[in-house]
Amino acid sequence: MRLSCYFMPTLREAPSDAQIVSHQLMVRAGMIRQEAAGIYAWLPLGLKVLKKIEQVVREEMDRAGAIEVLMPTLQLADLWRESGRYEAYGDEMLRIKDRHDRDLLYGPTAEEVITDIFRSYIKSYKDLPKNLYNIQWKFRDERRPRFGVMRGREFLMKDAYSFDIDEAGARRSYNRMFLAYLNVYARLGLKAIPVRADTGPIGGDLSHEFIILAETGESEVFAHRDLVEMGAPGPDIDWDGDLQDLVDQRTRLYAASDEMHDQARFEAEAPEDKRMTARGIEVGHIFYFGEKYSKPMKALITGPDGKDVPAQMGSYGVGVSRLVAGIIEASHDEAGIIWPDSVAPFGAAVVNLRPGAAEVDTVAEQAYKALIAAGKDPLLDDRDDRPGAKFASLDLVGVPWQLIVGPKGVADGVVELKRRASGERQTLPLDQALKVICG
RNA sequence: CGGAGUGUGGCUCAGUCUGGUAGAGCACCGCGUUCGGGACGCGGGGGUCGCAGGUUCAAAUCCUGCCACUCCGACCA
């Protein structure tokens with residue numbers, strides 16, 4: 001992409017209503033624009049990152065055996081009346097009437113719709129397990145939206161729903177999602193801690209929140225340090241095998257957010273040098289809720305004994321749009337955003353320091369075309385602007401590599417290569433610089 | 001929903017207390033000089049001061065009502 005032809009409206013100053021760093025940087029980098037409280041338009045740069053995160057989530061869901069569907073944003077109130085949640089949900093649900101005076105709602109989540117789909121087609125235990133997910137916009141009319149897309153009213157969520165014949169099966173489904181989530185966060189360059197979450201009336205230990213570490217995060221987490229060091233299981237585990245050990249390793253060690261924290265237990269279960277207290281952001285929540293929806297909505301499965309039983313369900317959510325902000329909270333400096341390579345909006349930027357100078361233009365074009373050919377989706381900064389302004393805006397938007405082409409270097413047959421994350425620079429011939437970027 | 005605050009060109013803000021010709025910086029347009037970390041000079045365009053009433057010779061400024069947005073609290077991907 002040639003920057004002179006692109007739409008990347010960066011700002012030198014942050015709007016006064018942006019309070020946290022990710023919100024400020026997203027607005028300054030021209031990623032989002034607020035349209036109303038908690039409602040944002042995604043500008044080209046923001047949309048690129050959002051889609052990259054979405055794709056990472058999709059790939060890890062697919063790997064773990066989940067199957068993608070797309071459910072509508074607008075749902076029928078009648079389905080929610082079946083589950084009993086239409087009245088219970090309260091003012092957070094955006095209620096709408098169509099021209100026939102029929103009650104609709106903008107979905108805040110999709111248990112009812114997915115249960116309706118499931119019960120229409122699946123009747124036998126032989127067709128289980130099934131895990132269906134979608135990545136779709138949700139709307140929750142929060143009393144107090146805030147912090148940009150971190151807590152918007154409209155947000156992009158990946159929500160998966162598992163169906164099993166019994167509790168043992170549901171636990172296997174749960175374990176797959178538990179481990180898949182850790183892989184997602186690892187690929188996004190994040191350190192994530194699974195903490196036990198409140199399961200409500202169902203009880204049991206099958207609910208976890210995933211908290212990514214960020215100094216500016218809202219929640220406080222208390223965890224055994226080994227849990228953080230342990231990291232993700234990686235993609236090559238046997239997804240159809242017994243995953244219980246892998247999950248147990250990660251749930252045995254103490255981890256709690258502030259609302260579930262028990263200091264005495266923390267001290268009993270983690271030696272002093274292993275006790276870690278940190279701040280973080282909740283970016284995922286998984287839980288098993290059994291028959292909560294399948295029973296009232298009559299999603300019944302015939303078992304091997306010929307008897308009908310309600311499907312055992314679980315649901316698994318990742319805040320995709322929140323992750324955009326979460327990654328920035330976890331990875332930025334004074335100059336701007338530092339994207340992990342996996343979600344950076346562009347692979348590299350070729351900075352032409354002197355557009356119009358023939359020799360410089362030639363080398364910059366050559367570098368740009370080579371990076372396109374290598375699939376690096378480069379940005380060519382061909383703006384008629386001063387070098388300082390270019391460096392500042394490229395640092396701000398966080399492109400991982402800057403390949404700097406200027407008159408001095410071109411005269412000597414070299415370019416400068418700068419790594420955004422470390423600030424490290426090196427001067428070298430173009431072909432070598434390209435090799436470094438392309439790995 | 002309780003408490004607090006803010007609404008003035010695209011952005012950051014001054015001006016409001018003490019009513020009297022709407023301002024600055026950034027951004028934008030033109031010309032020139034510049035050009036390796038957000039340049040400089042000269043010229044220019046752009047604002048019914050959130051909305052509606054009211055007081056007054058006169059309202060961004062005072063009064064009343066409404067709306068929007070932000071922050072703190074309780075809830076949440």
Side-chain donor-acceptor pairs under 3.5 Å in residues 223-234 of chain A, sequence neighbours left out?
residue	atom	partner	partner atom	Å
A/His224	ND1	A/Asp226	N	3.1
A/Arg225	NH2	A/Arg275	O	3.4
A/Asp226	OD1	A/Lys274	NZ	2.9

Pair up each side-chain donor or acceptor in residues 44-54 of chain A with any protein partner under 3.5 Å, not counting sequence neighbours, and list the distances.
residue	atom	partner	partner atom	Å
A/Lys48	NZ	A/Pro345	O	3.2
A/Lys48	NZ	A/Asp377	OD2	2.6
A/Lys52	NZ	A/Ala344	O	3.0
A/Glu54	OE2	A/Arg58	NH2	2.9

Validation: residues 142-152 of chain A side-chain donor-acceptor distances under 3.5 Å, sequence neighbours left out:
residue	atom	partner	partner atom	Å
A/Arg151	NH2	A/Glu218	OE1	3.0

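Put simply, CG on A/Asp17 is 13 Å from P on B/C72, counting in whole angstrom units. Rounded to whole Å, the distance from CG on A/Leu11 to C1' on B/G10 is 8 Å. Rounded to whole angstrom, the span from the NE2 atom of A/His285 across to the C1' atom of B/A77 amounts to 10 Å.
A donor N or O paired with an acceptor N or O is not found under 3.5 Å between the base of B/G36 and the side-chain atoms of A/Lys390. Applying the 3.5 Å distance criterion, the base of B/G38 shares no donor-acceptor pair with the side chain of A/Arg383.
Using a 4.0 Å heavy-atom distance criterion, A/Phe210 is classed as making no nucleic acid contact. When heavy atoms are screened at a 4.0 angstrom cut-off, A/Ala18 is found touching no nucleic acid atom at all.
The side chain of A/Pro407 approaches B/G36 more closely than any other nucleotide in the set B/U12, B/A77, B/G36. Comparing B/A77, B/C11, B/G38 against the side chain of A/Leu396 picks out B/G38 as the nearest. Of the candidates B/C75, B/A77, B/U12, the closest approach to any side-chain atom of A/Arg146 belongs to B/C75.
Take the nearest nucleotide of RNA chain B for A/Phe287 and for A/Gln19: the residue whose nucleotide is more 5' is A/Gln19. Nearest-nucleotide mapping onto RNA chain B: of A/Pro145 and A/Asp91, the residue sitting toward the 5' end is A/Asp91.
With sequence neighbours excluded, no residue forms a side chain to side chain donor-acceptor pair (under 3.5 Å) with A/Arg252. With sequence neighbours excluded, the residues forming a side chain to side chain contact (heavy atoms under 4.5 Å, CB included) with A/Pro235 are A/Arg63, listed by chain and number. Here A/Glu416 pairs with A/Arg425 under the salt bridge (charged side-chain N to carboxylate O under 4.0 Å, His left out) rule; sequence neighbours left out. A/Glu220 is linked by a side chain to side chain contact (heavy atoms under 4.5 Å, CB included) to A/Phe222, A/Asp258, A/Thr277, A/Arg279, counting only residues two or more places apart in sequence or in another chain.
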Practice problem: Sugar-phosphate atoms are those with a prime plus P, OP1 and OP2; base atoms are the rest. Using that split, label each nucleotide of nucleotides 28-35 of chain B B, S or - for protein heavy atoms under 4.0 Å, 5' to 3'. | Solution: ------BS
Exercise. Any chance you could list the contact pattern along nucleotides 40-45 of chain B? Use B for base contacts, S for sugar-phosphate-only contacts and - for none, protein heavy atoms under 4.0 Å, 5' to 3'.
Key: ------
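Here A/Arg144 does not reach the OP1 or OP2 of B/C75: none of its side-chain N or O atoms lies under 4.0 Å away. Residue A/Ser393 has no polar side-chain atom (N or O) positioned under 4.0 Å from OP1 or OP2 of B/G38. Between A/Ser16 and B/C13 there is a side-chain N or O to OP1 or OP2 distance below 4.0 Å.
The main-chain N or O of A/Arg354 is found under 3.5 Å from a side-chain atom of A/Asn352 such that the two form a donor-acceptor pair. Side chain of A/Tyr185 to main chain of A/Phe210: no donor-acceptor pair is present (N/O by atom type, distance under 3.5 Å, no hydrogens or angles).
Under a 4.0 Å N-O distance rule, the pair A/Glu111/A/Arg85 qualifies as a salt bridge.
Relative to the ring axis of A/Trp239, A/Arg176 does not place its NZ or CZ within 45° and under 6.0 Å from the centre.
Of the N and O atoms on the side chains of A/Tyr181 and A/Lys158, at least one donor lies less than 3.5 Å from an acceptor on the other residue. For the residue pair A/Ser22 / A/Glu329, a side-chain donor-acceptor distance below 3.5 Å is found, with atom types taken as modelled.
Within residues 26-52 of chain A, the residues approaching RNA chain B are A/Arg28, A/Gln34, A/Ala36, A/Ala37, by heavy-atom distance under 4.0 Å. Contacts between residues 151-161 of chain A and RNA chain B, counted as heavy-atom distances below 4.0 Å, involve A/Arg151, A/Gly152, A/Phe155, A/Met157.
Nucleotide B/G19 forms no Watson-Crick or G-U wobble pair with any nucleotide shown, as no partner meets the under 3.5 Å limit on both distances. Checking B/C69 for Watson-Crick or G-U wobble geometry (two distances, each under 3.5 Å) identifies B/G5 as its partner. Remark: B/C26 base-pairs with B/G10; criterion is Watson-Crick or G-U wobble with both hydrogen-bond distances under 3.5 Å.
The only member of A/Tyr368, A/Trp401, A/Tyr6, A/Trp339 that meets ring pair (Phe, Tyr, Trp, His ring centres under 6.0 Å) when paired with A/Phe346 is A/Tyr6.
Residue pairs that meet the ring pair (Phe, Tyr, Trp, His ring centres under 6.0 Å) test with at least one member in residues 50-97 of chain A, sequence neighbours left out, are A/Trp80-A/Tyr89.
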